[in-house]
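Hydrogens, waters and symmetry mates are skipped; everything else that's a heavy atom, side chains included, is used. Both ligands and their constituent atoms are indexed starting at 1 by order of listing. Every value quoted in this text rests on a predicted model; they were computed, and no experiment measured them.
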Amino acid sequence: MTASLGSSIDNLASPEAEQTVLEIRGQSTLAGEVKISGAKNSALVLMAGALLCPDECRLRNVPELLDVARMGQILSELGVSLRQQGDVVDINARNLSESQAPYELVSQLRASFFAIGPILARLGVAHVPLPGGCAIGARPVDLHVRGLQAMGAHVDIDGGVVNAYIPGSKKRLQGAKFYMDYPSVGATETLMMAATLAEGETILENAAQEPEVEDLANFCISMGARIKGAGTNTITIEGVPRLHSSDYSIIADRIEAGTFLVAGAITKSEIELVGIVPDHLAAAVAKLQEMGVKVVSTGRDHLRVLPTENLKAADIQTLPYPGFPTDMQAQFMALMTVSEGSSAITETVFENRLRHVAELIRLGADIRVKGNTALVRGVPALSGAPVLATDLRASAALVLAGLAAQGKTTIFGLHHLDRGYEKLEQKMQKLGARLQRVKTSAKLEASNGNPSVESVLQ
Ligand code: EPZ
């Protein structure tokens, strides 16, 4: 019943979404509690992980997102049957085929490339289009490819498609020791999944330690995989011949949680986050506390942010986990624009993840970019304006800035937001924020002779 998953694509990515903008009236105080959804970056890779299993798997706490719907569409093109009811997704990869997922889908969802590991491990052959770059960077996959080659796969890239196959009659990858030049999240996940069905032991050194990597390992273990060390920089996988069904609940989204903590801080409000894993937010909470924001633990899976009058600027450098997460950089930059003093925000993970600077400046922020560092000088207040979202986390930063700004902020490019935040407006409205989606004919074009948002931003 792919239709149900497919239909969520329709209502989330309909052409209207392109003509819908988000209007925010700033300076409301927020209050109340918000339930944080399941982690996007777990849901996507665990859906790929389900391809390792020839029986039905159930994933719970799956957020209803454009990216999840797209992943469902891509997997169904590979012969996988999927059914989504609420936050439960049933996936049956019994009839997984070696056909190639369509480029136009893979290019829109980098995470779908991670399926190359499970497909190759299950079928002995895989043809997956290169995902290509996106707004934040070139997004190469050399570590994925080199790791699969280390495990005995022959891999070539032809016409933008990565073709991998296991030579010989065995059709099984061989365990290997592989050092990752960079602790890539996706490469760690691709290789860990491939290794679960390999012959012998695989050791991934300098592996990514993100909670989503650990979540994927726990899901694979629940299917019978033998994995040790996930969440550390060395992961050991003992291959098994086959995996079995599992019913698994994914972790909460630490980036959505961090975004709401910043929403509380930037509006000087008190809000409670429910259904989270506080440990996954250690870097973001430490940075907020350095800025004078009080964040208190109110339960095993709760955090509360308290009203803070004087925010103090602080420096940030994004790093692989457990360092400060790159996916929180834009949101914290929004907070820095109205914090007392100057801060230096250095993006070390992606080469082009400062594009939200131009839009924040349109809202009155004082920011100068030098290389991969943004120098932010706090201003007393932002003032609302039309702005253009350029990527998922940039759009979250613009929502946060709009909540703090005087007057009305209109955000264009909402399809970015729908990729990664489940029901963001509803959650914000429930907390008292004044924001709503409105249809507009000014689809980033000049309207009434005013310069279009895009032309102003050039
Ligand atoms: C994952 O992307 C996340 N996406 C990203 O979240 C997140 O920002 C990123 O990890 C870092 O935490 C998903 O999990 C679906 P990487 P991924 O491989 O795996 C370089 C969001 O907003 N690299 O850790 O693609 C790469 O160019 C998204 O939710 C290679 O050089 O990230 C980058 O500079 C954005 N060769 C750095 O590593 C490779 O083979 C980190 O990339 C792979 C990566």
Side-chain angles (χ1 to χ4, degrees), residues 37-49 63 65-68 70-71 74 106-117 128 130-150 155 157 162 178-193 204 206-216 233 250-251 253-259 280 283-284 318-331 347-356 372 389-397 416-422:
S37 302
K40 166 181 84 83
N41 291 346
S42 269
L44 296 174
V45 73
L46 268 69
M47 288 170 78
L65 299 171
L66 188 51
D67 274 7
V68 169
R70 278 194 179 129
M71 188 65 155
I74 290 167
V106 172
S107 63
Q108 296 176 53
L109 182 60
R110 176 182 173 75
S112 60
F113 182 77
F114 306 167
I116 192 169
V128 182
L130 278 170
C134 67
I136 62 178
R139 313 296 292 272
V141 292
D142 54 305
L143 294 173
H144 301 244
V145 171
R146 282 189 17 232
L148 293 173
Q149 288 170 327
V155 185
I157 297 176
V162 179
F178 181 69
Y179 176 81
M180 313 194 61
D181 292 350
Y182 184 90
S184 155
V185 172
T188 302
E189 293 169 339
T190 294
L191 300 177
M192 183 167 73
M193 289 189 283
L204 300 178
N206 194 30
Q209 306 178 54
E210 270 70 2
E212 294 75 26
V213 172
E214 199 171 352
D215 206 24
L216 172 64
N233 62 4
I250 73 174
I251 57 172
D253 195 315
R254 61 192 168 100
I255 305 303
E256 183 192 17
T259 304
H280 293 167
T318 65
L319 288 168
Y321 195 90
F324 188 91
T326 174
D327 293 348
M328 284 299 302
Q329 178 258 108
Q331 298 92 314
E347 172 57 57
T348 74
V349 176
F350 290 108
E351 68 268 28
N352 190 28
R353 203 174 199 176
L354 295 174
R355 294 184 62 194
H356 39 282
N372 63 344
T390 52
D391 61 76
L392 167 57
R393 305 305 173 183
S395 44
H416 292 296
L417 205 57
D418 294 334
R419 294 193 51 182
Y421 287 90
E422 182 180 43

- Message: Using a plain distance cutoff, I'd like to know if Val185 has any nitrogen or oxygen under 3.5 Å from a nitrogen or oxygen of ligand 1.
- Response: yes

- Message: Heavy atoms only, cut-off 4.0 Å: how does Arg110 contact ligand 1, side chain, backbone, both, or neither?
- Response: side chain

- Query: Any protein heavy atom sitting closer than 4.0 Å to atom 20 (C) of ligand 1?
  - Reply: no

- Query: Is Glu351 close to ligand 1, meaning an N/O of one under 3.5 Å from an N/O of the other?
  - Reply: no

- Query: So His144 and Phe114, would you call those rings parallel, tilted or perpendicular, with 30° and 60° as cut-offs?
  - Reply: parallel

- Task: Could you tell me if any non-hydrogen atom of Lys40 lies under 4.0 Å from any atom of ligand 1?
- Result: yes

- Answer yes when Glu422 and Lys40 have at least one side-chain N-carboxylate O distance shorter than 4.0 Å, and no when they do not. no

- Query: If you count the atoms of ligand 1 from 1 in the order shown, which ones are under 4.0 Å from a heavy atom of Arg139?
  - Reply: 2 (O), 17 (P), 25 (O)

- Item | Residue selection (non-hydrogen contact nearest atom 39 (C) of ligand 1) among Pro140, Ala208, Ser184, Gly420 | Pro140

- Atom indices of ligand 1, in the order listed, that fall short of 4.0 Å to a heavy atom of Val349: 33 (C), 34 (O), 37 (C), 41 (C)

- Gap between atom CD1 of Ile116 and atom CG of Leu191 - 0.5 Å precision: 10.0 Å

- Message: Would the distance check show the side chain of Ser112 and the main-chain N or O of Leu109 forming a donor-acceptor pair, the cut-off being under 3.5 Å?
- Response: yes

- Message: Tell me the protein heavy atom at minimum distance from atom 35 (C) of ligand 1, and give that distance in Å.
- Response: Arg353 NH2, 3.6 Å

- Item | Separation of Arg393 CZ from Ile136 CD1 (nearest 0.5 Å) | 9.5 Å

- Task: Please name all residues satisfying side-chain contact (heavy atoms from CB on, under 4.5 Å) with Asn372, sequence neighbours left out, ordered by chain then number.
- Result: Thr346

- Query: Would a distance-only check, ignoring hydrogens and angles, find a side-chain to backbone donor-acceptor pair under 3.5 Å from Asp215 to Ser42?
  - Reply: no

- Query: Can you check whether Pro63's main-chain N or O pairs, donor with acceptor, with Ser37's side chain at less than 3.5 Å?
  - Reply: no

- Note on the structure: The reported gap from CZ in Arg254 to OH in Tyr321 (rounded to nearest 0.5 angstrom) is 6.5 Å

- Identity and distance of the protein heavy atom lying nearest atom 15 (C) of ligand 1: Asn41 OD1, 3.5 Å

- Message: On a heavy-atom basis, which atom in Arg110 and which in Pro131 lie closest, and how many Å separate them?
- Response: NH1-CG, 3.8 Å

- Item | Closest protein heavy atom (residue, atom, distance) for atom 37 (C) of ligand 1 | Tyr182 CE2, 3.6 Å

- Check ligand 1 against Thr326 and write out every atom of the ligand that is under 4.0 Å from a heavy-atom position of the residue. 8 (O), 11 (C)

- What residue and heavy atom of the protein are closest to atom 9 (C) of ligand 1, and at what distance? Phe350 CZ, 3.9 Å

- Task: May I ask you to list the atoms of ligand 1 that are less than 4.0 angstrom from any heavy atom of His144?
- Result: 40 (O)

- Item | For Ala111, the ligand 1 atoms whose distance to one of its heavy atoms is below 4.0 Å | 15 (C)

- Item | Atom indices of ligand 1 within 4.0 angstrom of Arg393 heavy atoms, with elements | 21 (C), 22 (O), 29 (O)

- Any donor-acceptor N/O pair, Glu347 side chain to Phe350 backbone, under 3.5 Å: yes

- Say whether Asp142, considering both its backbone and side-chain N or O atoms, lies within less than 3.5 Å of an N or O atom on ligand 1. yes

- Message: When you compare ligand 1 with Gly186, is there at least one nitrogen or oxygen pair between them that comes in under 3.5 angstrom?
- Response: yes

- Taking distance alone, with no angle check, do Asp327 and ligand 1 share an N/O pair under 3.5 Å? yes

- Message: Taking a cutoff of less than 4.0 Å between a non-hydrogen atom of the residue and any ligand atom, is Phe114 in contact with ligand 1?
- Response: yes

- Please identify which atoms of ligand 1 are closer than 4.0 Å to at least one heavy atom of Leu143. 36 (N), 39 (C), 40 (O)

- Item | Backbone of Met180 reached by a side-chain donor or acceptor of Asn206 within 3.5 Å | yes

- Message: Under a plain distance cut-off of 3.5 Å, with no hydrogens placed, do Gln329 and Arg353 share a side-chain donor-acceptor pair?
- Response: no

